[in-house]
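First up is the structure itself, then whatever we jot down about it.
All of these numbers come straight from a predicted model, not from anything done at the bench. Lettering of chains follows the sequences in order, A, B, ..., and the numbering in each one begins at 1.
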Protein chains: 2
Amino acid sequence: MTILRNRPSAGSPERGIPDATVARLPVYLRALNALTEQGIGTCSSNDLAAQAGVNPAKLRKDLSHLGSYGTRGVGYDVEYLRYQIALEIGQNQDWDVVIVGVGNLGSALSAYQGFSTRGIRVAALVDSNPERVGTTISGIEVSAMADLKKVVAEREISIGIIATPGEAAQEVADRLVEAGITSILNFAPALVQVPDNVDVRKVDLSIELQILAYHEQRKAGEAS
Amino acid sequence: MTILRNRPSAGSPERGIPDATVARLPVYLRALNALTEQGIGTCSSNDLAAQAGVNPAKLRKDLSHLGSYGTRGVGYDVEYLRYQIALEIGQNQDWDVVIVGVGNLGSALSAYQGFSTRGIRVAALVDSNPERVGTTISGIEVSAMADLKKVVAEREISIGIIATPGEAAQEVADRLVEAGITSILNFAPALVQVPDNVDVRKVDLSIELQILAYHEQRKAGEAS
DNA sequence: TCGTGTGAAAGTTTTCACAGCA
DNA sequence: TGCTGTGAAAACTTTCACACGA
């Protein structure tokens, strides 16, 4: 889903964490937070893997891409590891995002509790519907599409979320790119075309259910 | 994310489509629908791959797991292929789902247009908050948690969606399993433990953004 | 001739199993 | 002794490239 070049990258001895690992680092971060809340200061790869729902060997391999932050025979210091992972994935700074489309989904996203604790701050809302412009949702005033560029520049936003119907998605993506956005999370059920320097990830709510339905059907067919 | 056994399976000569392929079949279905809307009756793997945003060789390999539905030198009949894929992933029947938790996200999901056209029907809403029980959202009356089992049985629902806060997720999952649900889509930012015969898929909205933030950070660090 | 279907190669991810360090 | 870090094996996925059939 993501367009990405795994640059071995600038200066540093060797960078380039595998995609599969990157996708799990936020999960480990969440697991570490849970351990902290439980008052646990040190954990083994088994403990953390159980908390994160992965295989311990995979966890160790993943962490080995970041460096050696554990102690043999002991395990990992929860707080230290949390800090190192956060550093790696840019979680010790806040990321401002703009949500385009404040229908049901966009509104739900702007109120989503999970973002703020993960360093994601919904900084602006934009909609093409004049009736919605000027209204306030989750404490944020909705701006007009025409003001997108200004809003993005003012608040130095680099991440955009598309929460419009599928038909509008490409147009919105174009506008986001034009406004200077370089990462897009696309909830619209449509592919969007963007320049090479822009990353797009897609979340498709019905596809997830369709995959479940497939397995459900197989289970049902098991009677045969 | 999914727990699944790739059963070579009952009777048939050889079943068991790779996970990666299953995850793309709904995408192909959508692409075929788009072609139909454009009045295109036949397409090559190149055409369809472009529409779906994948590599043509991958598309052909994926389709080869279902059977030989193309014609060499010609391509695929759009309608016929659509039908075959729909058959494979159980898309020619409607799937009733129950959504647990009608906060912002649950409400947005119950109104989500993308479901109905993909054979997903939101058949019931359930919430633990007494103030929400009895209210109507998107034309559906919200039921109490205590009635979950009854509702699931009455409407023969096999798929459940968890749209509650993380703390409630495990409790809800247990209730769903108890009620007879065998597939769960979990939007709560928490892992849930279920028996082996139940499939769970997880959609984590903030993780997607955190992955984008990671890439964004790398891009920013490129100046070095 | 053209484009599918598919073996075989390349690449990626996961898992195993154990050397090595605290 | 116990658990990390990691090579090497296994599994899975993607891509290539071409034989084959309409």
Quick one, B:I161 with B:V100, criterion side chain to side chain contact (heavy atoms under 4.5 Å, CB included). Give me CA distance, side-chain angles, the key distance, then yes/no. CA-CA 6 Å; B:I161 298 179; B:V100 182; over 6 Å; no

Hey, could you give me each pair passing ring pair (Phe, Tyr, Trp, His ring centres under 6.0 Å) that has a residue in residues 99-125 of chain B? Not counting sequence neighbours.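 Ring pair (Phe, Tyr, Trp, His ring centres under 6.0 Å) check on residues 99-125 of chain B returns B:Y112-B:F115.
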
A:G73 or A:R24, whichever maps to the more 5' nucleotide of DNA chain C: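 Counting from the 5' end, the first nearest nucleotide belongs to A:R24.
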
For A:R60 and A:T71, find the nucleotide of DNA chain C closest to each by heavy atoms; which residue's nucleotide sits nearer the 5' end?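 Checking each residue's closest nucleotide, the 5'-ward one belongs to A:R60.
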
Using the test side chain to side chain donor-acceptor pair (under 3.5 Å), find all partners of [X] that sit at least two apart in sequence or belong to another chain.
| X | answer |
| --- | --- |
| A:T182 | B:E216 |
| A:S44 | A:D47 |
| B:S206 | A:R30, B:D204 |
| B:D96 | B:R121 |

Run the numbers on B:R201 and A:I211 for side chain to side chain contact (heavy atoms under 4.5 Å, CB included), then give the verdict. CA-CA 9 Å; B:R201 290 187 71 85; A:I211 295 170; 3.5 Å; yes

Rounded distance in Å - [atom1] ([X]) to [atom2] ([N]):
| X | N | atom1 | atom2 | answer |
| --- | --- | --- | --- | --- |
| B:D62 | D:dT15 | CG | P | 11 Å |
| A:L66 | D:dT6 | CG | P | 12 Å |
| A:Y76 | D:dG2 | OH | C1' | 13 Å |

Contact between B:L105 and B:F187 at the side-chain level, heavy atoms closer than 4.5 Å - yes or no?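 B:L105 reaches B:F187 side chain to side chain.
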
With the side chain counted from C-beta on, respond yes when B:I99 and B:V126 share a heavy-atom pair under 4.5 Å apart, and no when they do not.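 Not in contact.
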
Let me test you: for the helix from C:dT1-D:dA22 to C:dA22-D:dT1, what is the angle between the axes at its two ends (five pairs each), rounded to 10 degrees?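 Taking five pairs per end, the axes differ by 10°.
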
Table of protein N/O atoms under 3.5 Å from nucleotides 8-12 of chain D N/O atoms:
none

Partners passing side chain to side chain contact (heavy atoms under 4.5 Å, CB included) against A:A49 (at least two apart in sequence or in another chain):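 Side chain to side chain contact (heavy atoms under 4.5 Å, CB included) list for A:A49, sorted by chain: A:V54, A:P56, A:L59.
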
Please list, by residue number, the residues of residues 46-59 of chain A whose heavy atoms come closer than 4.0 Å to an atom of DNA chain C; answer none if no residue qualifies.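 Hits under 4.0 Å, by residue number: A:N55, A:A57, A:K58.
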
Provide the start and end nucleotides, 5' to 3', of the part of DNA chain C that has atoms under 4.0 Å from heavy atoms of chain A.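 Endpoints of the contacted stretch of DNA chain C: C:dT13 to C:dA22.
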
Donor-acceptor list for residues 66-75 of chain A side chains, cut-off 3.5 Å, not counting sequence neighbours:
residue	atom	partner	partner atom	Å
A:Y69	OH	A:L66	O	3.4
A:Y69	OH	A:Q84	OE1	3.3

Contact under 4.0 Å: A:S45 side-chain N or O vs D:dC3 OP1/OP2: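 Negative; the distance criterion is not met.
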
Check: B:K202 side chain, B:A188 main-chain N or O, donor-acceptor pair, under 3.5 Å: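 Pair found, side chain donor or acceptor close to backbone of B:A188.
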
Atom pairs and distances, donor-acceptor, side-chain atoms in residues 171-178 of chain B, under 3.5 Å, two or more places apart:
residue	atom	partner	partner atom	Å
B:E171	OE2	B:R175	NE	3.1
B:D174	OD1	B:Q170	NE2	2.8

